[in-house]
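For reference, the structure is listed below as structure tokens.
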There are 2 protein chains.
Amino acid sequence: MLLYRPFENRLNNALSKHQLYRAQWSIMYYLNNDASVTLVELSHYLGVEKPTVTRTIAKLEEMGFLEPVPTKDKREKRMQLTDTGRKVYQEVRAAIDEFEQEILRGISEEEQLEGIRLMSEIRKNLMQGEL
Amino acid sequence: MLLYRPFENRLNNALSKHQLYRAQWSIMYYLNNDASVTLVELSHYLGVEKPTVTRTIAKLEEMGFLEPVPTKDKREKRMQLTDTGRKVYQEVRAAIDEFEQEILRGISEEEQLEGIRLMSEIRKNLMQGEL
DNA sequence: GAGTAATAGTTATCGAGAGTAACTAATTAT
DNA sequence: ATAATTAGTTACTCTCGATAACTATTACTC
């Protein structure tokens, strides 16, 4: 199976230093410092229902890591990282990069790239089946 | 990230036909038709605490998919698939194999094997970091 | 071999994070 | 102008993870 708990446990561990949880991180990760997103966009990207996103976003906003950006369409709620959010992103990112190095030790650059290519291929196939 | 919700959603979908959930399936999958396991063994394999296993096992037993096998050590609770359990295993397995074929389409046998090798390499690294 | 350690499992309680159903408000299409 | 669609929210439910504190059995130690 692709899902592997010990990996999740390690991730949780890296996040716990900042009181973050996986679902929250996946949103900060998607924003990747600069971008902004709507809830629907996130819901598609994450493959999760809207109420789930609403809740997670609300928590991140309350924690001061996310803030709304104004938009023409008044239905939309578009969000971006705050300054603190960006700082935390950087720190967590570094911690995760570190443990990723660790679990990839003994695996050549080439093999890693091949692996990433494979995963995105699978992802593409997955997305097609979603319609 | 290695974890990818749409994949989990597809898996859930394959399982839902038999009223199964992922945590339950992961145990049936580990048993792989024949073997038997103790809770501690599962707890290590799954990377999950004992109470979690207790609950999941209890549900599977109640559903009639798992049964205890007698053992010398009276502390142990060793479990195996029942006949119904084995039947369900086969059916679900077939469904999962099918959708795995689907999401692997366009990826050569070689690449798949290379991918599997990579994953188990990562897994090995992960396990070492667990001590 | 008696007494202490360790091990296997359970119970109770908590929290994250997913889902569905039913809703409001805003925008688009007819 | 009205109907349909879209974005998001609220309320509620469920799975599945964790911890703490416990019992029963087995293994270790002196």
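Since the structure is predicted, the reported quantities are computational estimates derived from the model, not experimental observations. So that the names make sense, note that chain A is the first sequence line, chain B the second, and so on, each numbered from 1.
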Pairing partner of D:dT26, by Watson-Crick or G-U wobble and under 3.5 Å for both distances, is none
Protein-nucleotide distance (B:Arg5, atom CZ; C:dA16, atom P), rounded to Å
17 Å
Of all residues at least two apart in sequence or in a different chain, which pass the side chain to side chain donor-acceptor pair (under 3.5 Å) check with B:Asp73?
B:Arg75
In this structure, how many angstroms lie between the P atom of C:dC23 and the NZ atom of A:Lys50, rounded?
15 Å
Selection residues 66-98 of chain A - residue pairs positive for ring pair (Phe, Tyr, Trp, His ring centres under 6.0 Å), sequence neighbours left out:
A:Trp25-A:Tyr89
Listed in order of residue number, which residues of residues 69-79 of chain B have a non-hydrogen atom at under 4.0 Å from DNA chain C?
B:Arg75, B:Glu76, B:Lys77
Only pairs with both distances under 3.5 Å count, Watson-Crick or wobble alike; so what is the partner of C:dT28 in this structure?
D:dA3
Please tell me which of B:Thr54 and A:Ala23 maps to the more 5' nucleotide of DNA chain C, matching each residue to the nucleotide holding its nearest heavy atom.
B:Thr54
Start and end of chain A contact along DNA chain D [non-hydrogen atoms, under 4.0 Å]:
D:dT6 to D:dG17
In this structure, how many angstroms lie between the P atom of C:dA18 and the OH atom of A:Tyr45, rounded?
13 Å
Strictly below 4.0 Å, heavy-atom distances to any atom of DNA chain D: list the hits from residues 55-67 of chain B, or just say none.
B:Arg55
Side chain to side chain contact (heavy atoms under 4.5 Å, CB included) against A:Lys59, all qualifying residues, sequence neighbours excluded:
A:Gln24, A:Glu62, A:Met63
Residues that A:Asn13 engages under side chain to side chain donor-acceptor pair (under 3.5 Å), provided they are two or more places apart
none
Whole Å only: how far is the CG atom of B:Asn12 from the C1' atom of C:dT20?
15 Å
Tell me which pairs pass salt bridge (charged side-chain N to carboxylate O under 4.0 Å, His left out) where either residue lies in residues 79-98 of chain B, with sequence neighbours left out.
B:Asp83-B:Arg86, B:Arg93-B:Asp97
Starting at CG of A:Leu11 and ending at P of C:dA16, how long is that distance when rounded to a whole Å?
16 Å
Which residues pass the side chain to side chain contact (heavy atoms under 4.5 Å, CB included) test with B:Glu67, not counting sequence neighbours?
B:Gln80, B:Thr82
Pairs involving residues 65-87 of chain B, ordered by first then second residue, that meet ring pair (Phe, Tyr, Trp, His ring centres under 6.0 Å) (sequence neighbours left out):
none
Compute whether any side-chain donor of one residue and acceptor of the other, for A:Arg78 and A:Ser36, lie under 3.5 angstrom apart.
yes
With B:Ser108, which residues qualify under side chain to side chain donor-acceptor pair (under 3.5 Å), at least two apart?
B:Glu111
Taking syn as any angle within 90 degrees of 0 and anti as the rest, which one fits D:dA18?
anti
Donor-acceptor side-chain pairing of A:Thr38 and A:Glu76 below 3.5 angstrom
no
Partners meeting ring pair (Phe, Tyr, Trp, His ring centres under 6.0 Å) with B:Tyr21 (sequence neighbours left out)
none
What is the separation between atom CG on A:Leu46 and atom P on C:dA16, rounded to the nearest whole Å?
18 Å
